[in-house]
Amino acid sequence: MSASSPGPFFLTNTLTRRKEEFKPLRPPHVGLYVCGPTVYSDVHLGNVRSFLTFDVLYRWLTQLGYKVRYVRNITDVGHLVDDVDHGEDKIAKRARLEQLEPMEIVQKYTNGFHDVMRLFNILPPSIEPTATGHLIEQIEMVKRILASGYGYEANGSVYFDVPSFAEKHPYGELSGRKIDELLTNTRDTEGMDEKRSPLDFAIWKKAEPQHLMKWPSPWGEGFPGWHLECSAMSTKYLGQTFDIHGGGMDLKFPHHECEIAQSVAADGQAPVRYWMHGNMLTVNGRKMAKSEGNGFTPEELLTGNHKLLEKGYSAMTVRFFMLQCHYASTLDFSNAAMQASEKGLERLMKAMTLLPKLKASDADEADIAALEQRCHAAMNDDLNTPVMIAELFEAVRIINSVNDGKLNLTTTSIEKLHGLMHTMVHEVLGLRAEAADAKGEDNALDALVGECIRLRVEAKGRKDFATSDAIRDRLAAIGIILKDTKEGTTWERA
RNA sequence: GGUCACGUGGCCGAGGGGCUAGGCAGAGGUCUGCAAAACCUCGUACAGCGGUUCGACUCCGCUCGUGACCUCCA
């Protein structure tokens with residue numbers, strides 16, 4: 001951590017619906033659990049936004065000096081496609097369609113997921129457990145829930161008894177539901193269910209003979225319930241009570257609510273101290289979702305090969321675009337907004353490249369320490385990246401002004417500014433320079449453009465502006481932009 | 001239908017009872033042979049109607065609009 005005190009960190013706890021100061025259970029350690037992807041299809045941009053939110057949280061906690069154990073699971077089994085009874089495992093369904101082994105599907109989309117995470121510079125978690133790798137832990141948890149009296153077996157499946165649990169414990173606290181309201185609003189009209197109450201949920205599900213992914217258990221062949229893996233794995237790696245649990249808004253109910261109930265039933269304590277929920281990415285005002293068919297994959301995004309995209313956008317542009325909005329607000333994707341972010345990011349990154357070249361003077365005409373304070377304050381205020389970015393643009397102004405010789409900074413201040421920008425832009429926001437400005441790698445091209453520039457300088461010397469402009473225009477036509485400065489002419493790619 | 005959010009200037013998006021958000025686009029200016037870049041200046045926006053208040057875009061109520069969850073979903 002830098003010398004200046006980062007101050008207390010506040011985050012919105014969705015359990016209490018309030019902004020609270022974050023105090024870890026066992027400092028300096030922090031336990032963080034985030035719901036990962038279900039690996040049965042390509043991740044889309046909406047998924048990326050969620051993982052990005054918690055990536056920034058992870059980065060900021062690390063920056064604050066905490067030792068974070070960050071657990072993000074891979075769901076490779078268990079979620080059903082249809083309604084309960086005739087449900088089919090999503091992964092099994094996909095496997096049949098593609099004539100592949102279920103684990104082949106899992107591997108394929110897990111690899112794809114990791115590629116996407118790398119593309120967007122989203123850091124890997126400390127532990128990335130899979131549901132299939134923790135069958136024993138899940139079965140043990142089912143046993144503990146049965147022992148507590150809040151589970152019951154029916155026809156080879158085990159269900160969580162929500163109404164009886166709710167008599168003794170709060171249920172619906174996280175999502176603001178009330179048992180009786182839930183009951184009146186249930187659409188489930190079928191009476192043939194083996195569940196005692198429509199609110200009950202499966203913690204172990206009996207597998208039909210044709211079911212591909214199944215494991216032996218005390219209740220017969222089956223597979224774990226939808227919500228169980230997160231409870232089992234977070235308990236295993238972070239303990240019965242841990243600091244922060246994150247996920248998308250849409251997981252609040254029932255998924256996270258069920259996690260709380262399971263943990264309380266199995267181990268007698270609330271599992272999570274701070275719940276955090278990221279909001280949705282929307283397209284034309286609607287949630288981006290697989291089921292809506294309005295998502296695009298990173299590949300489509302990069303190439304622009306999608307009906308919703310006017311052109312391609314880089315991963316860093318998207319990352320920056322998302323960070324310009326607070327994680328708890330919905331964010332609407334649009335081409336105009338993307339193009340605005342593309343330009344803004346370009347200006348920010350260009351200023352970054354100027355930092356090492358700044359010339360120092362004796363006077364100090366900007367307060368870098370105050371700027372740093374404001375950056376910290378923004379992040380400490382519930383990860384307010386949009387405000388932090390606004391401060392960064394103040395820094396951009398300072399950098400450009402110093403570069404133009406219009407503003408003075410001492411060596412100390414320049415170094416401080418350099419450090420601050422590096423930390424905030426690269427380490428906290430996770431923005432990295434993109435391949436586009438690797439132009440210097442091609443020495444031949446550099447020499448070639450250099451020759452053109454020299455020819456143009458000669459023409460200018462003769463006041464032959466027709467020739468000098470022609471050189472500039474023709475280079476521009478092939479994507480080489482010339483810029484005249486006091487120190488001479490520079491070039492860059494369009 | 002139930003629950004909960006949100007509605008900010010041309011666009012995207014912060015904010016918070018009185019004090020500049022920021023980005024992009026646009027207008028004017030400085031610099032430049034001309035451009036580009038950079039820098040400076042500018043628009044006085046907070047869905048509507050009431051209420052609380054010395055004062056509300058910010059608090060409360062209602063209306064309208066949009067969305068999320070209630071079923072797998074980041």
Side-chain angles (χ1 to χ4, degrees), chain A residues 17 34-38 40-41 43-54 75 78-84 87 90 172 175-178 180-188 226 246-255 277-282 285-292 295 320-321 324-326 328-348 350-351 354 378 381 384-394 396-397 399-401 403-407 460 463-465 468-469 472-473 476 481-486 489-490 492:
Chain A
R17 271 151 267 229
V34 173
C35 291
T38 305
Y40 65 94
S41 68
V43 288
H44 63 246
L45 227 48
N47 302 309
V48 169
R49 154 116 116 138
S50 185
F51 298 124
L52 171 63
T53 293
F54 299 106
T75 297
H79 289 208
L80 302 177
V81 160
D82 302 323
D83 208 0
V84 234
K90 263 182 184 169
S175 55
R177 319 266 153 157
K178 294 184 177 64
D180 29 319
E181 283 172 1
L182 281 170
L183 280 168
T184 25
N185 291 322
T186 313
R187 294 176 187 167
D188 193 353
W226 317 331
M249 278 292 211
D250 47 358
L251 295 181
K252 219 167 164 183
F253 189 88
H255 185 60
H277 290 93
N279 217 135
M280 301 291 108
L281 179 70
T282 62
R286 302 203 155 259
K287 173 183 171 183
M288 183 181 282
K290 282 162 189 166
S291 52
E292 293 261 350
F320 183 67
F321 164 71
Q324 276 181 297
C325 170
H326 187 80
S329 302
T330 54
L331 171 63
D332 197 56
F333 182 94
S334 72
N335 283 280
M338 285 303 300
Q339 276 154 38
S341 290
E342 189 172 57
K343 292 264 179 68
L345 176 63
E346 200 180 319
R347 195 154 81 87
L348 176 65
K350 207 178 271 181
L354 291 175
D381 183 13
N384 200 328
T385 52
V387 167
M388 211 270 264
I389 288 171
E391 299 299 344
L392 257 26
F393 277 103
E394 168 69 13
V396 167
R397 225 197 72 242
I399 293 166
N400 286 329
S401 295
N403 185 241
D404 285 354
K406 291 171 183 163
L407 189 79
K460 278 170 66 167
K463 300 243 189 267
D464 179 4
F465 296 122
S468 72
D469 287 353
R472 184 174 59 196
D473 293 346
I481 308 298
L482 300 188
K483 288 180 185 173
D484 295 335
T485 70
K486 283 185 186 126
T489 302
T490 62
E492 63 188 44

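This one's a predicted model, so the numbers in the text were calculated from it and none came from an experiment. Note on naming: letters A, B, ... go to the chains in the order of the sequence lines (proteins, then strands), and numbering restarts at 1 for each one.
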For A/P386 and A/Q324, the nearest pair of non-hydrogen atoms, with its separation, is CB-O, 3.3 Å
Taken to the nearest 0.5 Å, the spacing of A/C325 SG from A/I389 CD1 works out to 10.0 Å
To the nearest angstrom, the CG-C1' distance between A/L182 and B/U71 comes to 13 Å
When you measure from the side-chain N and O atoms of A/K287 to the phosphate of B/A74, is any distance below 4.0 Å, counting only OP1 and OP2? no
Exercise for review: Report yes if the side chains of A/H326 and A/D381 come closer than 4.5 Å at any heavy-atom pair, otherwise no.
Suggested key: no
Notebook entry, point to check: In whole Å, what separates the P atom of B/C46 from that of B/A56?
Noted result: 14 Å
Of all heavy-atom pairs linking A/I399 and A/A351, the shortest is CG2-O, 3.6 Å
Q | Separation of the C1' atoms in B/G1 and B/U20, to the nearest angstrom | A | 46 Å
Atom CG of A/L354 and atom P of B/A38 are separated, to the nearest Å, by 10 Å
Open item on the list: What contact category does A/G247 fall into here, base, sugar-phosphate, or nothing, at under 4.0 angstrom with non-hydrogen atoms?
Closed with: sugar-phosphate
Whole-angstrom distance between B/C72 and B/A68, as gauged at atom C1': 16 Å
**Request:** Using the C1' atom on both, measure B/G17 against B/C70 and round to a whole Å.
**Result:** 36 Å
Whole-Å distance, A/F321 CZ to B/A14 C1', equals 15 Å
Checklist entry - Given the P atoms of B/C49 and B/C40, what is the spacing between them in whole Å? => result 38 Å
Look at the side-chain N and O atoms of A/N400 and state whether any lies under 4.0 Å from the OP1 or OP2 oxygen of B/A38. no
task = Using a 4.5 Å cut-off on heavy atoms from C-beta on, say whether the side chain of A/M338 contacts that of A/F333.
result = yes
Taken in chain and number order and not counting sequence neighbours, the residues that satisfy side chain to side chain contact (heavy atoms under 4.5 Å, CB included) with A/K460 are A/R456, A/F465, A/S468, A/D484
Rounded to whole Å, the NE2-P distance (A/H255 to B/U71) equals 15 Å
side-chain contact (heavy atoms from CB on, under 4.5 Å) with A/L331: of A/N279, A/T282, A/L281, only one passes, and it is A/L281
Correct closest heavy-atom pair for A/L251 and A/G247 would be CD1-CA, 4.4 Å
Rounded to whole Å, the NZ-C1' distance (A/K460 to B/A36) equals 11 Å
- Does any non-hydrogen side-chain atom of A/L45 lie less than 4.5 Å from one of A/F321? no
- Sticking with atom P, work out how far B/G55 lies from B/G65, rounded to a whole angstrom. 32 Å
Could you tell me how far B/A21 sits from B/G15 if I compare only their P atoms? Round to whole Å. 13 Å
A/H326 atom NE2 is separated from B/A14 atom C1', nearest whole Å, by 10 Å
Rounded to whole Å, CG of A/D250 lies from P of B/C70 at a distance of 8 Å
For the backbone of A/R49 and the side chain of A/T53, can you confirm whether one donor and one acceptor N or O come within less than 3.5 Å of each other?
yes
From the candidates B/A74, B/G67, B/A38, the one with an atom nearest any side-chain atom of A/R286 is B/G67
Smallest heavy-atom separation, A/K290 atom then A/Y40 atom, equals CD-OH, 3.6 Å
Open item on the list: By the 4.0 Å heavy-atom rule, please label A/M288 as base, sugar-phosphate, or nothing.
Closed with: base
Encoded 5' to 3' (Watson-Crick or G-U under 3.5 Å; [ ] crossing; | other strand), RNA chain B becomes (((((((..(((.....[...))).(((((.......)))))....(((((..]....))))))))))))....
Discussion item. Counting the atoms with a prime plus P, OP1 and OP2 as sugar-phosphate, which does A/S468 contact under 4.0 Å by heavy atoms, base, sugar-phosphate, or nothing?
Written reply: base
Assign each of A/L331 and A/K350 the nucleotide of RNA chain B bearing its closest heavy atom; nearer the 5' end lies the nucleotide of A/L331
Interatomic distance at C1', B/C73 relative to B/C64, whole Å
31 Å
query = Can you tell if the side chain of A/E346 reaches within under 4.5 Å of the side chain of A/K350, non-hydrogen atoms only?
reply = yes
Pairs: protein N or O with nucleotides 2-10 of chain B N or O, under 3.5 Å:
| from | atom 1 | to | atom 2 | distance (Å) |
| --- | --- | --- | --- | --- |
| B/G2 | O2' | A/N185 | ND2 | 3.3 |

When rounded to whole Å, the NE2 to P distance for the pair A/H44 and B/C72 reads 17 Å
Checklist entry - Any Lys/Arg nitrogen of A/R397 or A/E394 sitting under 4.0 Å from an Asp/Glu carboxylate oxygen of the other? => result yes
Scanning both residues in full, the closest heavy-atom pair of A/G248 with A/S50 reads N-OG, 3.9 Å
Residue set satisfying ring-ring contact (aromatic ring centres under 6.0 Å, His included) with A/F51, at least two apart, ordered chain then number -> A/F113
Scanning both residues in full, the closest heavy-atom pair of A/M249 with A/M280 reads N-CE, 3.5 Å
Between the protein and nucleotides 20-24 of chain B, list every N/O to N/O distance that falls short of 3.5 Å.
| from | atom 1 | to | atom 2 | distance (Å) |
| --- | --- | --- | --- | --- |
| B/G23 | OP1 | A/R347 | NH2 | 3.0 |
| B/C24 | OP1 | A/R347 | NE | 3.2 |

Notebook entry, point to check: Which part of the nucleic acid does A/M280 contact within heavy-atom distance under 4.0 Å: base, sugar-phosphate only, or nothing?
Noted result: base
Interface polar pairs with nucleotides 40-46 of chain B, N/O, under 3.5 angstrom:
| from | atom 1 | to | atom 2 | distance (Å) |
| --- | --- | --- | --- | --- |
| B/C40 | OP1 | A/R397 | NE | 2.5 |

Side-chain atoms of A/C325 come closest, of B/A74, B/A14, B/A38, to B/A14
